[in-house]
Amino acid sequence: MHYYKTKGDSSMRLSNYFLPTLKETPADAEMESHKLMLKAGLIRKVTAGIYDYLPLGFKVLNSIEEVVREEMNRAGAQEIKLPIIQPATLWKETGRWEDFGPEMFKLADRKDREFALGPTHEEIITDMVRNELNSYKDLPLVLFQINDKYRDEIRPRHGVMRSREFLMKDAYSFHATQESLDETYERMYDAYARIFDRLGLNWVAVEAPTGLMGGSYSQEFMALADEGGEEIVVCESCDYSSNVEIAKYEVSSKGDGKGPSKLKKVETPGMETVEEVAEHLGISSQKVVKTFIYRTDDGLVAALVGGDDDIEEMKLINHLGTKKAEMVSSQQEIKEITGANFGSIGPVGLDDDIPVYADLDVKSFTNFTVGANEDGYHLTNVNWERDLEDVNFINLRKVNRGDSCPECGSELEFHKSIEVGQIFQLGTKYSDSLGGKYQDETGNLNPYIMGCYGIGISRLIPAVIQQNYDSRGINWTSEVTPFSAELIVLGSEDEKSFQLGEKLYEELKKRNYEILLDDRETSPGFKFNDADLIGIPVKIIIGPRGLENGVLEVEFRSGNKEEIEVENREIEQIAEKLGEGISASA
RNA sequence: CGGGGAGUAGCGCAGCUUGGCAGCGCGUCUGCUUUGGGAGCAGAAGGUCGCUGGUUCAAAUCCAGUCUCCCCGACCA
């Protein structure tokens, strides 16, 4: 149970609080949390992906930030603050000036020196510690900051869900040994679990791709949400879970059990799709193996999956250790490379310089069909080894509905989610390229082993809303809510109601509750609806109708109501009683 | 960057096809009435119709260019 301590003596009277709520939904909002953040007066858009936080939104942001800070401190991390403006030179040392490319907001000073607004801080922090952390005795060390990040997103969307300026908690750890990294990584995982639990999120941690951060292992923390943009798979019976982009699956044996038949070249005139070829030949479409040509940093590769499956490009990238893999998609290029148009390309007879990668699922195939690299022809009864040497079988296809867990064989569940945090085992990527070294017990110099740990603080606001709203508005969880209760005074000319409202406001403030007082001269319905829209968990309603019966009303955001006696009671007693109600809602 | 859509009062929109006083609802301001689930009446303020150029006696409306924003895809906390 947590109360909200008053941080200052600011007046929380709605008559003088900057809270512009909207009755109508802004046209450019799509996602429910985005609409609600605009309607409830939390944020306003400045330009694409850049937002103002109004008092209520800033308060929520601060609540979340504080929970994160507390748990990071509890986990032994030390808070610092790194610059947002960073010199290009550091980014060029690690090669990420190119890797991030147009994703970075770049600027120049008056002498034309290049800078960037930090999209993340690995470079700057490694630079900071490389001169100071020289001995194994200084390790391990965990530092964190809560700071704005800048990414010139290809497409900002859904308000602060994916914005170009966003608040992030980022932590970095430095170690002498992998065991030490493992230990810290686990401690960070636990801290994250506490954070997301305290925020009231329904979340799951999944295995994740490392992307531009690099590193060997990573997990993402996902808030489950139907409108979320990330898809994950979760095993229903064991604890396997993963981002779909790298998800494993139980490899099924789909061999036909027969020995290899004679390789045949067959006519498939004008057929461009797997379905057409399968129907023409009277075979299952899955066994018409698809071939794609990708251009990577190290040249061309061929990628093969079953006819019913799709390639997961992230998996190809991960296996190849390349920075990018782009499907060759121009008819002309494909013709030059393979000799055929898209419908008829295949792995047999390709240039030896083009390595072939095939999905694990097709490894068991015998007598399957592929394009013949000649327009209007396919090869059937193709078999590995005999017809195709040196094929690399890897986890390459997208996971499908109905796939089974790679660890226990139960069915995998698919969920939509919002990524709210990610933790990485980075290894020595940054310490290597930036020369961050320590001396071990024997006097040898070694690069630090590093980890990094991010939480999207601003993104957590829509994540929490997305899991907690109804037709009337937001329904804040207890640690996130900007106010723990709202005093609604009705009957603007009723002296008794007014006096009681004022006294209770002061009395509850004295008890360190964050109370919003709706003292506006407007209709009751307006006040009730605003309170529900902005998500205050408890409404304390004071008005002549109740006072005639000697009571005031407490209404919870859930709709439950309760009456509290005020007749013949001291104000302290009433406040005490109200405090119990407010705490009970938390 | 590819595909789709939109820029008219603070917000939501109509007007554009067929050129002719720039409108409606909500909000805002003033006054009176009203106060238990988005009050009523009366009055008022608020616009270079995204921008630039062109056609025309006349352009929100037609033409050309340009900028911005939103949605779907490739990237990410």
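Values reported hereafter were calculated over all heavy atoms of this structure, with side chains retained and with hydrogens, waters and symmetry mates removed. Reminder, nothing fancy here: chain letters follow the sequence lines and each chain counts from 1.
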Hey, does [X] reach any base, or is it just sugar-phosphate, or nothing, if we go heavy atoms under 4.0 Å?
{"X": "D28(A)", "value": "sugar-phosphate"}
{"X": "F424(A)", "value": "sugar-phosphate"}
{"X": "D532(A)", "value": "base"}
{"X": "D494(A)", "value": "nothing"}
{"X": "T21(A)", "value": "nothing"}
{"X": "T522(A)", "value": "base"}
{"X": "G546(A)", "value": "base"}
{"X": "L22(A)", "value": "nothing"}
{"X": "M161(A)", "value": "base"}
{"X": "E153(A)", "value": "base"}
{"X": "E326(A)", "value": "nothing"}
{"X": "G543(A)", "value": "base"}

#### Entry: Lys/Arg cation over aromatic F414(A): R401(A), 6.0 Å, 45° cone
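Pair R401(A)/F414(A) counts as cation-pi.
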Quick one: does [X] reach the base of [N] with a side-chain donor-acceptor pair under 3.5 Å?
{"X": "R151(A)", "N": "C76(B)", "result": "no"}
{"X": "E230(A)", "N": "C76(B)", "result": "yes"}
{"X": "E553(A)", "N": "G36(B)", "result": "yes"}

### Task
Map E103(A) and H34(A) onto RNA chain B by nearest heavy atom, then report which one ends up closer to the 5' terminus.
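Checking each residue's closest nucleotide, the 5'-ward one belongs to H34(A).
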### Message
On RNA chain B, compare the nucleotides closest to I457(A) and R545(A); which residue's is nearer the 5' end?
### Response
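With I457(A) and R545(A) compared, the 5'-side residue is R545(A).
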When the [atom1] atoms of [M] and [N] are compared, how many Å lie between them, rounded to an integer?
{"N": "C11(B)", "M": "G4(B)", "atom1": "C1'", "value": "25 Å"}
{"N": "U28(B)", "M": "U68(B)", "atom1": "P", "value": "34 Å"}
{"N": "G46(B)", "M": "G23(B)", "atom1": "P", "value": "13 Å"}
{"N": "G19(B)", "M": "C13(B)", "atom1": "P", "value": "27 Å"}
{"N": "A14(B)", "M": "C26(B)", "atom1": "C1'", "value": "15 Å"}
{"N": "G54(B)", "M": "A9(B)", "atom1": "P", "value": "25 Å"}
{"N": "U48(B)", "M": "A59(B)", "atom1": "C1'", "value": "14 Å"}
{"N": "A6(B)", "M": "G50(B)", "atom1": "P", "value": "14 Å"}

Once you apply the 3.5 Å cut-off to both distances, tell me the Watson-Crick or G-U wobble partner of [N], or none.
{"N": "G12(B)", "result": "C24(B)"}
{"N": "G43(B)", "result": "C29(B)"}
{"N": "C62(B)", "result": "G54(B)"}
{"N": "C76(B)", "result": "none"}
{"N": "U18(B)", "result": "none"}

Mind calculating the distance between [atom1] ([X]) and [atom2] ([N]) to the nearest angstrom?
{"X": "I488(A)", "N": "U35(B)", "atom1": "CD1", "atom2": "P", "answer": "18 Å"}
{"X": "E563(A)", "N": "G36(B)", "atom1": "CD", "atom2": "C1'", "answer": "12 Å"}
{"X": "D518(A)", "N": "G38(B)", "atom1": "CG", "atom2": "P", "answer": "15 Å"}
{"X": "F528(A)", "N": "G38(B)", "atom1": "CZ", "atom2": "C1'", "answer": "12 Å"}
{"X": "L490(A)", "N": "G37(B)", "atom1": "CG", "atom2": "P", "answer": "9 Å"}
{"X": "E30(A)", "N": "G4(B)", "atom1": "CD", "atom2": "P", "answer": "18 Å"}
{"X": "R164(A)", "N": "U68(B)", "atom1": "CZ", "atom2": "P", "answer": "10 Å"}
{"X": "E98(A)", "N": "C75(B)", "atom1": "CD", "atom2": "C1'", "answer": "17 Å"}

[X] side chain: which of [options] is closest?
{"X": "K23(A)", "options": "C26(B), C69(B), C72(B)", "answer": "C26(B)"}
{"X": "A27(A)", "options": "G37(B), C71(B), C13(B)", "answer": "C13(B)"}
{"X": "R459(A)", "options": "C76(B), G37(B), C72(B)", "answer": "C76(B)"}
{"X": "A48(A)", "options": "C71(B), G36(B), C69(B)", "answer": "C69(B)"}
{"X": "I154(A)", "options": "C75(B), U35(B), C72(B)", "answer": "C75(B)"}

Modelled atom types, side-chain donor and acceptor of [X] and [Y], under 3.5 Å:
{"X": "E220(A)", "Y": "N243(A)", "result": "yes"}
{"X": "Y469(A)", "Y": "S33(A)", "result": "no"}
{"X": "R96(A)", "Y": "Y430(A)", "result": "yes"}

Short side-chain N/O contact to [N] OP1/OP2 from [X], under 4.0 Å:
{"X": "S523(A)", "N": "U35(B)", "answer": "no"}
{"X": "R155(A)", "N": "G2(B)", "answer": "no"}
{"X": "K45(A)", "N": "C70(B)", "answer": "yes"}

### Message
Around atom CD of E333(A), are there more than 12 heavy atoms from other residues, nucleotides or ligands closer than 6.0 Å?
### Response
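For E333(A), atom CD is crowded (more than 12 foreign heavy atoms under 6.0 Å).
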### Query
Would you find more than 12 non-hydrogen atoms of other residues, nucleotides or ligands less than 6.0 Å from E186(A) atom CD?
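No - once you tally the heavy atoms of other residues, nucleotides and ligands closer than 6.0 Å, there are 12 at most.
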### Message
Just verifying a value: how many Å separate L460(A) CG and M161(A) CE, rounded to the nearest 0.5 Å?
### Response
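Rounded to the nearest 0.5 Å, the CG-CE separation comes to 9.5 Å.
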### Query
Is the Y189(A) to Y453(A) ring centre distance short of 6.0 Å?
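Distance test on ring centres: not under 6.0 Å, no.
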#### Entry: Test: R557(A) and D470(A) ion pair at under 4.0 Å
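Salt bridge flag = yes for D470(A) with R557(A).
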